[in-house]
2 protein chains.
Amino acid sequence: MPERLLTLEDSSLSERVYTALRLALLRGKFVPGEALSLRSLAASLGTSPMPVRAAVQRLIAEKALVQTASRAIIVAPFTYENFKDLMRIRMELEGFAAERACMSKDRGLVGRLKGFNQSMLEAAQRHDVEAALAANYSFHFGVYEAAGLPQLTDMITNLWLRAGPYLAAVQRQPRASEILSTNSFKIQDRVIEAIRTGDRKAARFSLAMDLRFAFAWFVKTYDFSDNRLGGPLKRDGTEGTGPDVRPVSRDEPRRNVKAYSD
Amino acid sequence: MPERLLTLEDSSLSERVYTALRLALLRGKFVPGEALSLRSLAASLGTSPMPVRAAVQRLIAEKALVQTASRAIIVAPFTYENFKDLMRIRMELEGFAAERACMSKDRGLVGRLKGFNQSMLEAAQRHDVEAALAANYSFHFGVYEAAGLPQLTDMITNLWLRAGPYLAAVQRQPRASEILSTNSFKIQDRVIEAIRTGDRKAARFSLAMDLRFAFAWFVKTYDFSDNRLGGPLKRDGTEGTGPDVRPVSRDEPRRNVKAYSD
DNA sequence: GATCTCACATCGTGATCACATTTGCTGTTT
DNA sequence: AAACAGCAAATGTGATCACGATGTGAGATC
């Protein structure tokens, strides 16, 4: 597969930096509470501090980063309370999306969702956590986009970003594939069935339950007590390669394209 | 009353610019779809383009402003579809908050809410739209904060910003006070009653209905057809003073304070 | 008279510099 | 040995400049 094409919005350096930092956050390359500096990030990325500033400001607005009172930039701390509240909101919002997905007129929807769920199962069974997570992502956002509310999808996307350490922990925890292949697969199959039969209450309930189980698993796995530098895994956590960011290629053509959406 | 003290976060020039622009958006000083420019905004505000850039980028991240494919910065267009979807999400999220408010242990809550609602009624009856809106704001966010989920309050705050033209229209439409003093007052009283008795379903339902009525009124009042430059009021709309922004005082001390929240 | 062309003003973006504040360390003191 | 003072390095913020892309309007062309 060739190098992935640039997204429409990746035409400016700031946006490429944003994408890079966002990915690093989702991959858990940074530890919650860790301090970042514009200049050192710029050095790592091979740009001037300017585009980094823009990207960081955006991530602050999205609450993935936080600015302390002394103006230092840190990765959003990840406390139990915070995460619990976040999950509670996610259950509400993503449950709502699932409910709306029941009203979708998209005939191929159910089939696609079944495909994603199946892919997740298979990937998990061969312990390919990354692929399983990707399929899991496709499944969830397949549902959310079927809700037909683009602004809702955006909001949920942001909530996923803010739950970054959760995703990172799943990725680093090989045992996670067991959960994905048992609990998640079965519950998500219930979501699909509810969407197929148009049972809105069941769709909302099942999707919320999927999140609830994920939350319960995570709480058992993640050590919140070490909140100062963000909790590592309680046991068996293969340590990541540590915080670092890859340079951003600068000599891409800077071309614009037509439409903007939303 | 003395000049309002600077908020903790208003210590940097960028944040003051942000606050100014945000207020201008909420007051309808800008028309949806209108183009903005960093340099001219900076000139109006009496700063360099730099802090304006930061503020604008933040507002873009919050989807109050939009960047076109040609990199122009415009006020987020306000279409019927967009607004309808936004209101649907608001009903869900704010209804959820109302439901959670039923579980609040705050003994003074119901009393305070009754006070806000009463203030709104009285202000509306003397056709003081601004005061009525302020009381309405206090009531709503009184409920939302009682939900005990700060991140939820943030999200709702953002949704209110994105519904900016709605608030602006209410402010410019004297007849709006009638709606506030009849429909809204009664429905919000039902919200309070539900919270008092702990009836979660009724709280959610009533609050959602409040939004639904507001939406219905707005659709009758606002002319979406002129979407190019944002819809003015259909009739009776006293034209605003037009887009303009007041300068930001620069020689404030730049002091920091302790805590950061969230 | 409508359409095209081209020059010019203006735009956002990125880089660089200046500055006040904050941070971290070192050597001293109690 | 722990607490403190003070200095030097590093930080975010804001201003200014350069550059390529965009948009606009006057004048030429058909």
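To find a chain, count down the sequence lines: A is the first, B the second, and so on, and within it residues start at 1.
At whole-Å resolution of the value, CD1 in B:Ile74 and P in C:dG12 are 12 Å apart. Straight-line distance from the CG atom of B:Leu41 to the C1' atom of C:dG12: 13 Å, rounded to whole Å. Between the CE atom of A:Met50 and the P atom of C:dG14 there is a distance of 9 Å, given to the nearest Å. Following rounding to the nearest Å, A:Leu36 (CG) and D:dA10 (C1') show an atom-to-atom distance of 15 Å. Distance, B:Leu13 CG to D:dA15 C1': 11 Å, rounded to whole Å. A:Arg16 has its CZ atom 13 Å from the P atom of C:dT13, to the nearest Å. Distance OH (A:Tyr18) to P (C:dG14): 16 Å, rounded to an integer number of Å.
Closest to the side chain of A:Arg39, from the set D:dT13, D:dG23, C:dG14, is D:dT13. Candidate nucleotides D:dG12, C:dG14, D:dG14 were compared by shortest atom distance to the side chain of B:Ser14, and D:dG14 ranks first. Closest contact between the side chain of A:Arg71 and the listed nucleotides D:dG12, C:dG12, C:dA15 involves D:dG12. Here D:dT13 is the nucleotide among D:dT13, C:dT23, C:dG14 with the atom lying nearest to any side-chain atom of B:Ser12.
Ring planes of B:Phe78 and B:Phe83: tilted class, angle from 30 to 60°.
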Determine, stepwise, if the pair A:Tyr166 / A:Gln171 fulfils side-chain hydrogen bond (donor to acceptor under 3.5 Å, both in side chains). CA-CA 9 Å; A:Tyr166 163 73; A:Gln171 215 153 25; over 6 Å; no

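For the residue pair A:Tyr18 and A:Gln57, no side-chain donor N or O sits within less than 3.5 Å of a side-chain acceptor on the partner.
Using a 4.0 Å cut-off between charged side-chain N and carboxylate O, A:Arg162 and A:Glu62 make no salt bridge.
Regarding contacts with the backbone of D:dT11, a side-chain N or O of A:Ser37 is found under 4.0 angstrom from either OP1 or OP2. Phosphate contact (OP1/OP2 of D:dG23, side-chain N/O of B:Ser70, threshold under 4.0 Å): present. Contact between the side-chain N/O atoms of A:Gln57 and the OP1/OP2 oxygens of D:dG14 is not found at any separation under 4.0 Å.
Counting all heavy atoms, side chain and backbone alike, A:Thr157 lies closest to A:Phe141 at OG1-CE2, 3.3 Å.
Residue contacts shown for B:Ile60 are absent, as no nucleic acid heavy atom lies under 4.0 Å away.
Mapped onto DNA chain C by nearest heavy atom, B:Leu38 and A:Ala72 fall at different nucleotides, with B:Leu38 at the one closer to the 5' end.
Residue B:Arg53 places no side-chain atom within donor-acceptor reach of the base of D:dG14, judged by atom type and a 3.5 Å distance cut-off alone.
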